[in-house]
Each structure stands twice: as C-alpha cells, then as structure tokens.
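Below is one structure, written out as structure tokens; comments come after it.
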Amino acid sequence: MALRNIVTVGDSVLTKVSRPVTKFDRRLHELLDDMAQTLTEAGGVGLAAPQVGVLRRVVVVDTGEDGILELVNPEIIQESGEQTGLEGCLSVPGKYGIVTRPNFVTVRAQDRNGAWFEAEGEALIARCFCHELAHLDGQLYTEIAERMLTAEELRAMEEEEA
Ligand code: NI
C-alpha cells in the first residue's frame, strides 16, 4: 500500500468523465488499497479515483463503524428526502460550502472482484455517495453549492473545532 497525491482544484483531471472499470485485477486492488490509505491519512469521508489522478469509476467511503466501503462502477439507483448542510472536498482544501442533497441514497456498485451489490446511505453517507459519484463525472460540489462559507465563517468553524 502507498499513499497517493491528492489532486487539487485547477487540475483538469477533476473535470473529466471517468471510464468504467473492466478489469478486476491486482492493479485495481492496489488502487483501492492506496485510496483507502490516502483517505484515512487525509481524514476525509470519501475519495474518488480522479482525485488521485486516475480516471476510473472507483470510490472509497469511510462509513465509520463499518470501515471503508469500496464502490466500483457505482450508480445511484434510488434517492429520497433532502438535507442542506456543510460540504467540503479534499481536492478543494480550506473551503466549505452549503449544499442540498438527498437524505437517503441507494447505490448499486461492484466490489473489487466484480460482484454487484447495493449499499444504502443516510445523512452524511448519502451526502458522501452523491459527492463522490459526481467526481466520476467531473463535477465538483462548488458548482452546485448554494453558497461558499465566508472567511469569517471558516474562522468561527476552526475555533469551534479547536
Ligand atoms: Ni470531493
């Protein structure tokens, strides 16, 4: 396993559409392992392959108690409810925005060996599914944010965390 560099906004790789995974081989497993390690190290909730410079439809999500969920070729097949809240991105460091997302999301995806499964997400995890899958289509949350937090709001948030 190895840490990978997280690409930040301004790099054109973040605006491109990722290709489906067709080979469930050692290379994919290495990518998934590296992405999980990179996500954990960065302290994020989710990471999409284009964020480490790989244009493949691969996402990892830290679901908390259940550990890292690997999603290969994921698609949202059901969504309901609505939540409006704070969102950030490892590729847009130091910024946060207010984004409205569905509150419940069901994703269909393949695991690292190609087997299809479904995963349900609520609240933060639903937000994360939507955010990460958008990365696979070259979209950043900053494009759909109702507004970005001001410098003053960011400072207040940092003070709260400290
Ligand atoms: Ni992101």
Side-chain angles (χ1 to χ4, degrees), residues 1-9 11 13-92 96-145:
M1 284 211 286
L3 285 178
R4 302 220 183 179
N5 278 330
I6 297 177
V7 172
T8 53
V9 65
D11 192 312
V13 77
L14 292 174
T15 65
K16 291 180 176 150
V17 176
S18 292
R19 295 180 299 275
V21 170
T22 53
K23 285 182 193 157
F24 295 81
D25 55 6
R26 198 171 58 88
R27 217 169 146 203
L28 173 68
H29 297 176
E30 269 177 21
L31 173 64
L32 283 161
D33 291 342
D34 290 356
M35 283 174 63
Q37 196 187 358
T38 304
L39 175 64
T40 303
E41 172 79 15
V45 185
L47 187 69
Q51 292 183 274
V52 294
V54 178
L55 284 170
R56 288 289 177 180
R57 303 190 79 83
V58 174
V59 161
V60 293
V61 175
D62 187 348
T63 62
E65 283 175 17
D66 297 328
I68 300 276
L69 177 65
E70 299 175 344
L71 302 171
V72 179
N73 298 326
E75 278 172 48
I76 291 173
I77 56 168
Q78 219 172 7
E79 55 180 58
S80 63
E82 197 179 273
Q83 57 173 322
T84 299
L86 211 55
E87 200 161 312
C89 177
L90 293 173
S91 292
V92 190
Y96 291 91
I98 306 292
V99 185
T100 297
R101 302 279 194 188
N103 200 42
F104 300 93
V105 170
T106 305
V107 166
R108 183 172 183 266
Q110 285 168 285
D111 68 14
R112 60 168 57 206
N113 299 310
W116 287 96
F117 67 98
E118 288 180 12
E120 290 177 1
E122 188 183 348
L124 176 64
I125 302 303
R127 176 178 293 282
C128 185
F129 283 168
C130 296
H131 177 115
E132 300 311 328
L133 267 64
H135 271 300
L136 304 181
D137 291 322
Q139 293 158 4
L140 295 177
Y141 82 93
T142 49
E143 296 164 37
I144 60 157

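The figures that follow rest on heavy atoms only: side chains count, while hydrogens, waters and symmetry mates do not. In this text the structure is predicted, and so the values were computed from the model without any measurement.
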query: Quick one: are Glu82 and Thr100 in side-chain contact, heavy atoms under 4.5 Å?
result: yes
query: Are any non-hydrogen side-chain atoms of Trp116 and Arg108 less than 4.5 angstrom apart?
result: yes
message: I want to check something: taking the side chain as every heavy atom from C-beta on, are Thr40 and Ile68 in contact at a cut-off of under 4.5 Å?
response: yes
- prompt: Is the count of non-hydrogen atoms from other residues, nucleotides or ligands lying under 6.0 Å from Glu143 atom CD greater than 12?
  reply: yes
task: Could you grab the distance from atom CD of Gln78 to atom CD1 of Ile76, nearest 0.5 Å is fine?
output: 11.5 Å
message: With heavy-atom distances below 4.5 Å as the criterion, would you say the side chains of Gln110 and Val21 are in contact?
response: no
query: At their closest point, which heavy atom of Tyr141 faces which heavy atom of Tyr96, and how far apart are they?
result: OH-CA, 3.6 Å
message: Ignoring hydrogens and geometry beyond distance, is a side-chain donor-acceptor pair present between Ser91 and Gln51 at under 3.5 Å?
response: yes
field: Atom CG of Asn5 with >12 non-hydrogen neighbours under 6.0 angstrom
entry: no
Verdict with supporting geometry, Arg4 and Val54, side chain to side chain contact (heavy atoms under 4.5 Å, CB included): CA-CA 10 Å; Arg4 302 220 183 179; Val54 178; 4.0 Å; yes
Salt bridge (Lys or Arg N to Asp or Glu O under 4.0 Å) contacts in which one or both residues fall within residues 124-138, not counting sequence neighbours: Arg57-Asp137, Glu87-Arg127
- prompt: Counting only N and O atoms by type, is there a donor-acceptor contact under 3.5 Å from the side chain of Asp34 to the main-chain atoms of Gln37?
  reply: no
query: Stepwise, does the side chain to side chain contact (heavy atoms under 4.5 Å, CB included) test hold for Val9 with Thr142?
result: CA-CA 10 Å; Val9 65; Thr142 49; 5.7 Å; no
query: Is the backbone N or O of Cys89 less than 3.5 Å from a side-chain atom of His131, with the two atoms forming a donor-acceptor pair by type?
result: no
message: Between Glu70 and Leu28, is the side chain to side chain contact (heavy atoms under 4.5 Å, CB included) condition met? List the steps.
response: CA-CA 11 Å; Glu70 299 175 344; Leu28 173 68; over 6 Å; no
- prompt: If you look at every heavy atom in Val61 and Cys128, which pair is closest and at what distance?
  reply: CG1-SG, 3.8 Å
task: State, with a plain yes or no, whether a side-chain heavy atom of Asp62 is found less than 4.5 Å away from one of Leu39.
output: yes
query: Side chains of Leu86 and Ile98: closer than 4.5 Å at any heavy-atom pair?
result: yes
query: So, do Glu41 and Ile6 sit near enough that their side-chain heavy atoms are less than 4.5 Å apart?
result: no
message: Go through it in stages, so that I can follow the logic: the residues are Thr15 and Gln139, the test is side chain to side chain contact (heavy atoms under 4.5 Å, CB included), and I'd like the CA-CA distance, side-chain angles, deciding distance and then a yes or no.
response: CA-CA 6 Å; Thr15 65; Gln139 293 158 4; over 6 Å; no
- request: Mind listing the closest non-hydrogen atom pair of Asp111 and Val72 along with its distance?
  value: O-CG2, 4.0 Å
- prompt: Got more than 12 heavy atoms from elsewhere within 6.0 Å of CD, Glu30?
  reply: yes
- prompt: Shortest non-hydrogen contact from Leu55 to Pro50?
  reply: CD2-CB, 4.1 Å
field: Leu136 side chain reached by Pro74 side chain, heavy atoms, under 4.5 Å
entry: yes
- request: Could you point out which residue of Thr106, Leu69, Val59 forms a side-chain contact (heavy atoms from CB on, under 4.5 Å) with Phe129?
  value: Leu69
task: Examine distances only and state if a side-chain atom of Arg56 and a backbone atom of Ser18 form a donor-acceptor pair shorter than 3.5 Å.
output: no
- prompt: CZ of Phe24 to CG of Asn73: how many Å apart, nearest 0.5 Å?
  reply: 5.5 Å
Ala126: side-chain contact (heavy atoms from CB on, under 4.5 Å) partners, not counting sequence neighbours: Gln83, Val105
message: Show the nearest heavy-atom pair for residues Ala2 and Thr38, with the distance to one decimal.
response: O-OG1, 4.1 Å
